[in-house]
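When a ligand or atom number is given, it counts from 1 through the structure's own listing order.
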Amino acid sequence: MSGARTPLLEVEHASRNFGGVVALRDVSFQVFPDEVVGLIGPNGAGKTTLFNLISGLLPLSGGDIRLQGQSLSQLRPDQICARGAVRTFQAASLLGNMTVWDNVHVASLFRGNGGRAGPSAAACTADALRLCEIEHLADMAAEQVTVGDQKRIEIARAVASGPRLLMTDEILAGLNPTDGAQILEILRKVRRQGISIIFVEHDMRSVMSLSDRVVVIAQGLKIADGPPSEVARSPEVISVYLGGRYAQGV
Ligand SMILES: Nc1ncnc2c1ncn2[C@@H]1O[C@H](COP(=O)(O)OP(=O)(O)OP(=O)(O)O)[C@@H](O)[C@H]1O
Ligand SMILES: [Mg+2]
């Protein structure tokens with residue numbers, strides 16, 4: 001069990017308001033090393049806002065977020081990335097007219113190595129392309145590849161920055177089942193490299209198969225946190241989110 005281990009990420013009483021809208025209200029959870037946490041909830045629940053808070057794109061209205069015991073609240077996004085928390089974006093974030101190699105190479109320049117010598121940016125780029133099975137696309141412009149390959153580039157960019165924690169925001173959206181299954185396999189490989197993952201996704205079958213634990217938020221509040229099978233049976237979770245999805249046979 002994860003109880004005695006030191007958490008990688010600690011979200012403590014995190015809150016975020018947008019004017020009068022409370023997007024997140026006093027949300028607390030932890031992510032442990034080597035763990036995949038599925039983060040689910042209805043549209044507008046606050047999932048992307050939580051990623052924006054962890055990655056430093058938005059300041060907290062209240063609470064704290066710590067990575068390896070260190071508060072992230074005063075750090076810039078590039079400093080948070082260098083400390084090992086990286087995310088993919090719900091909308092495409094690739095530099096379309098640059099090559100696939102350059103897109104990933106740019107990200108590798110942000111990796112943190114604590115001042116120690118480490119592999120070169122080029123070596124990290126090559127490793128990330130191999131892990132994501134897109135070496136053959138290295139010289140193509142990013143805008144010329146398929147949607148599935150764009151998602152692989154997104155993951156490669158994140159991996160090239162040397163993360164301890166990868167946050168994926170609806171990485172499977174718009175993909176056909178074959179591409180979706182391949183992305184899940186790549187995420188399993190990422191995890192086997194010792195990288196923890198927070199996996200935001202609406203496709204329940206994928207969430208349940210990839211996640212060690214599932215956190216559910218609705219209207220900015222955490223309503224469940226536990227093993228996938230337990231969360232899937234929670235009457236509150238079924239009523240606010242899963243009901244329709246289970247009716248579809250997931
Ligand atoms: N920059 C912003 N300015 C104002 N309101 C915002 C902003 N970002 C998010 N919100 C509001 O915060 C709430 C949470 O939005 P968020 O995008 O985090 O939800 P989500 O769980 O990611 O939803 P989805 O599943 O549709 O992606 C919503 O009510 C949204 O309208
Ligand atoms: Mg979102």
_Test log, rule side chain to side chain contact (heavy atoms under 4.5 Å, CB included), inputs L184 and S209_ = CA-CA 9 Å; L184 284 183; S209 81; 4.2 Å; yes
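- No donor-acceptor pair closer than 3.5 Å links the side chain of S211 to the backbone N or O of M208.
- Counting the atoms of ligand 1 from 1 in the order shown, those under 4.0 Å from a heavy atom of H202 are 25 (O).
- Atom 27 (O) of ligand 1 has as its closest protein heavy atom Q90 NE2, 3.0 Å.
- Less than 4.0 angstrom separates some heavy atom of A23 from each of these atoms of ligand 1: 12 (O), 13 (C).
- Taking a 4.0 Å cut-off on heavy atoms, R16 fails to register as neighbouring ligand 1.
- Among the atoms of G44, some N or O lies under 3.5 angstrom from an N or O of ligand 1.
- Below 4.0 Å from some heavy atom of N43 lie the following atoms of ligand 1, by number and element: 23 (O), 24 (P), 25 (O), 26 (O).
- The protein non-hydrogen atom at the shortest distance from atom 25 (O) of ligand 1 is K47 NZ, 2.7 Å.
- Remark: distances from the non-hydrogen atoms of G46 to ligand 1 include one below 4.0 Å.
- Of all protein heavy atoms, the one closest to atom 16 (P) of ligand 1 is T49 OG1, 3.6 Å.
- If you check which protein heavy atom lies closest to atom 17 (O) of ligand 1, you get T48 CB, 3.8 Å.
- Within ligand 1, the atoms closer than 4.0 Å to a non-hydrogen atom of A45 are 19 (O), 20 (P), 21 (O), numbered from 1 in the order shown.
- Checking T48 against the Mg ion (ligand 2), an N/O/S atom falls under the 2.8 Å cut-off.
- Under a 3.5 Å cut-off, the side chain of Q79 and the backbone N or O of R76 do form a donor-acceptor pair.
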_What verdict does the side-chain hydrogen bond (donor to acceptor under 3.5 Å, both in side chains) test give for T99 and D139, after you've listed the backbone C-alpha separation in whole Å, the side-chain angles of each residue and the deciding distance to 0.1 Å?_
CA-CA 5 Å; T99 63; D139 296 329; 5.9 Å; no
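- With hydrogens and angles left out, the side-chain atoms of S55 and R87 include a donor and acceptor closer than 3.5 Å.
- The protein does not reach atom 31 (O) of ligand 1 closely, with no heavy atom under 4.0 angstrom from it.
- Within the 4.0 Å cut-off (strictly below), a protein heavy atom is located near atom 9 (C) of ligand 1.
- A side chain to side chain contact (heavy atoms under 4.5 Å, CB included) with E230 holds for exactly one of P227, P228, S234; it is P227.
- By the 4.0 Å N-to-carboxylate-O rule, E133 lies close enough to K189 to be salt-bridged with it.
- Side-chain N or O atoms of R213 include none that pairs as donor or acceptor with a backbone N or O of D225 at under 3.5 Å.
- The closest side-chain donor-acceptor pair between Q182 and R152 falls under 3.5 angstrom.
- Under the 3.5 Å distance criterion, with hydrogens and angles disregarded, no donor-acceptor pair is assigned to the side chains of T49 and N52.
- In terms of polar-atom proximity, defined here as any N/O pair under 3.5 Å, F18 makes no such contact with ligand 1.
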